[in-house]
Amino acid sequence: MLTDVAGLYRDWPASGDTASAEVISELSAAELEGLLPGLSAGMIPKMEACLTAVRGGVPQAHVLDGRLSHAVLLEIFTDAGIGTMVLPEGGRELIQR
């Protein structure tokens with residue numbers, strides 16, 4: 001999913017400043033489900049869509065900053081990636097194979 005934020009922030013809105021806020025690079029569907037009630041209104045539908053996708057069989061879902069040039073390529077072709085990746089339960093083991 002391309003959006004206008006860097007990904008899911010760890011302590012938003014407590015951190016308040018996107019420049020100093022930490023983006024969660026990877027989390028499981030269960031971790032995301034636990035975070036959903038505390039998310040800001042604009043992030044809830046994005047993360048619910050990711051949760052639905054991975055629970056429906058998609059191997060991984062990504063929230064990327066569409067304002068960055070080549071965001072999709074950076075996510076796919078770099079080890080660190082950018083944005084937030086949501087994995088199904090057991091997804092980390094599947095990615096590492």
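Fair warning: this is a prediction, and the values are worked out from it, not measured in the lab. Values reported hereafter were calculated over all heavy atoms of this structure, with side chains retained and with hydrogens, waters and symmetry mates removed.
- Side chains of Val23 and Arg10 form no contact here, defined as non-hydrogen atoms less than 4.5 Å apart.
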List the steps and the verdict of side chain to side chain contact (heavy atoms under 4.5 Å, CB included) for Gln60 and Val86. CA-CA 6 Å; Gln60 59 209 13; Val86 180; over 6 Å; no
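- Separating the CG atom in Leu64 from the NE2 atom in His70 is a distance of 14.0 Å, to the nearest 0.5 Å.
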Please list every donor-acceptor pair under 3.5 Å in which a side-chain atom of residues 71-79 meets a protein atom from a residue at least two apart or in another chain.
unit_1	atom_1	unit_2	atom_2	d
Glu75	OE1	Ile82	N	2.7
Glu75	OE2	His62	ND1	2.7
Thr78	OG1	Leu74	O	2.3
Thr78	OG1	Gly81	N	3.0

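- Note on Leu51 and Leu35: same hydrophobic cluster, where clusters join Ile, Leu, Val, Met, Phe, Trp and Tyr whose side-chain heavy atoms are under 4.5 Å apart, directly or indirectly.
- Contact check for Thr52 versus Val58: no side-chain heavy atoms found under the 4.5 Å cut-off.
- With hydrogens and angles ignored, the 3.5 Å screen pairs a side-chain donor or acceptor of Thr84 with a backbone N or O of Ile24.
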Please tabulate, for side-chain N and O atoms in residues 41-49, each donor-acceptor pair with protein atoms closer than 3.5 Å (sequence neighbours left out).
unit_1	atom_1	unit_2	atom_2	d
Lys46	NZ	Gly42	O	2.8

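- Distance check, rounded to the nearest 0.5 Å: CG of Leu68 to CG of Leu2 gives 10.0 Å.
- Residues Cys50 and Val63 approach most closely at SG-CG2, 3.6 Å, considering heavy atoms.
- The salt bridge (charged side-chain N to carboxylate O under 4.0 Å, His left out) contacts involving residues 57-67 comprise Asp65-Arg67, where partners must be two or more places apart or lie in separate chains.
- Remark: the backbone N or O of Ala30 is paired with a side-chain donor or acceptor of Glu89 at under 3.5 angstrom.
- Between Val54 and Ala29, the closest heavy-atom pair is CG2-CB, 4.0 Å.
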